[in-house]
Amino acid sequence: TIMWKRIQTLYLLISTGLIVSMLFSRFASIIGPGGEEAIIRYHEKMPYLVLLLMLTTSHIAATASFKTRFLQARVSIIAALLAIGFQIWLGTDYLIHKGEMTFSITILFPLLAAFLDVLAARSAMTDEMMVAVQKRIKKTK
């Protein structure tokens with residue numbers, strides 16, 4: 001079947017969009033003593049950049065593996081675990097620096113992406129089970 005007709009494709013494309021948008025977004029800002037604002041972006045911090053590239057790659061791989069639903073589900077779960085790990089790291093940075101920095105709402109994007117990745121994995125496995133049941137029904141007829 002066509003990849004665009006599956007709901008897991010939509011979930012994966014939205015989560016990929018969230019992660020890719022972080023590459024160009026503001027992480028936090030710091031207000032200096034003179035009132036000037038210094039903006040920190042995700043791509044300026046090397047560990048964040050590496051994690052975002054890993055997440056983007058895993059999302060692209062999950063979306064591209066639409067022909068093998070079982071593989072797509074596994075890669076989606078790996079992407080979700082990476083996103084949760086990144087979210088924990090961002091949450092730790094938030095707790096450490098919440099008094100001195102103003103954080104962007106994009107700090108929650110990995111959590112949303114992880115949720116969508118789990119939904120995509122669930123949909124891929126549901127599709128796989130339905131195909132297996134249909135094959136069994138055809139085999140018994």
Side-chain angles (χ1 to χ4, degrees), residues 1-32 34-141:
T1 57
I2 299 172
M3 149 176 141
W4 304 110
K5 289 186 177 181
R6 297 185 185 151
I7 190 72
Q8 60 263 32
T9 302
L10 177 64
Y11 293 146
L12 289 169
L13 289 175
I14 293 171
S15 62
T16 304
L18 288 171
I19 296 301
V20 169
S21 73
M22 289 178 74
L23 285 166
F24 308 103
S25 299
R26 178 176 69 92
F27 167 63
S29 59
I30 303 170
I31 305 295
E36 68 278 356
E37 181 180 37
I39 295 175
I40 303 168
R41 300 193 178 279
Y42 288 99
H43 69 271
E44 293 172 354
K45 294 183 83 173
M46 188 57 73
Y48 289 173
L49 178 62
V50 170
L51 272 170
L52 286 172
L53 292 175
M54 288 171 55
L55 278 166
T56 302
T57 304
S58 64
H59 281 99
I60 290 170
T63 306
S65 62
F66 69 95
K67 287 187 179 184
T68 312
R69 292 177 198 90
F70 191 70
L71 177 64
Q72 186 177 39
R74 285 186 177 224
V75 176
S76 295
I77 291 297
I78 290 169
L81 291 172
L82 277 170
I84 289 170
F86 189 35
Q87 185 64 60
I88 290 170
W89 192 348
L90 291 173
T92 304
D93 279 353
Y94 172 78
L95 291 174
I96 291 171
H97 301 292
K98 68 181 175 182
E100 59 200 45
M101 290 183 178
T102 305
F103 291 89
S104 170
I105 192 69
T106 59
I107 200 168
L108 297 176
F109 282 8
L111 185 63
L112 294 171
F115 178 71
L116 290 168
D117 292 341
V118 170
L119 288 177
R122 181 177 169 221
S123 296
M125 285 309 295
T126 302
D127 283 356
E128 182 63 30
M129 288 187 283
M130 288 180 56
V131 168
V133 167
Q134 288 174 352
K135 283 182 182 177
R136 276 194 192 156
I137 290 172
K138 284 182 182 179
K139 200 176 199 182
T140 58
K141 286 184 177 184

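Atoms OG and CG, from S21 and L52 in turn, are 9.0 Å apart once rounded to the nearest 0.5 Å. Separation of atoms CD1 (I30) and CD1 (I40) is listed at 3.5 Å; rounding is to 0.5 Å.
For the side-chain hydrogen bond (donor to acceptor under 3.5 Å, both in side chains) test, residues two or more places apart in sequence or in another chain that qualify with E37 are S29. Partners of E100 under the side-chain hydrogen bond (donor to acceptor under 3.5 Å, both in side chains) rule, at least two apart in sequence or in another chain, are H97.
Residues L13 and L10 fail the side-chain proximity criterion, which asks for heavy atoms closer than 4.5 Å. Within the 4.5 Å cutoff, the side chain of L108 has no heavy atoms near those of the Y94 side chain. Considering only heavy atoms from C-beta on, R74 stays 4.5 Å or farther from I77 through its side chain. Counting only heavy atoms from C-beta outward, the side chains of V20 and H59 never approach each other to under 4.5 Å. Side chains of L12 and L116 form no contact here, defined as non-hydrogen atoms less than 4.5 Å apart.
For T106 (side chain) and R26 (main-chain N/O), a donor-acceptor pair under 3.5 Å exists by modelled atom type. Between the side chain of Y11 and the backbone N or O of F115, no donor-acceptor pair lies under 3.5 Å.
If you run side-chain hydrogen bond (donor to acceptor under 3.5 Å, both in side chains) between D117 and each of S58, S76, S15, only S15 comes through.
M22 and Y42 get closest at one heavy-atom pair: O-CD1, 3.1 Å. Taking every heavy atom of both residues into account, V118 and A80 meet most closely at CG2-CB, 4.0 Å.
Annotation for F103: atom CZ counts as buried by contact number, over 12 foreign heavy atoms lying within 6.0 Å. Within 6.0 Å of CD1 on I96 lie more than 12 heavy atoms contributed by other residues, nucleotides or ligands.
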Throw together a table of side-chain donor-acceptor distances under 3.5 angstrom for residues 124-138, partners on residues two or more places apart or in other chains.
unit_1, atom_1, unit_2, atom_2, d
T126, OG1, R122, O, 2.8
D127, OD2, Q8, NE2, 3.1

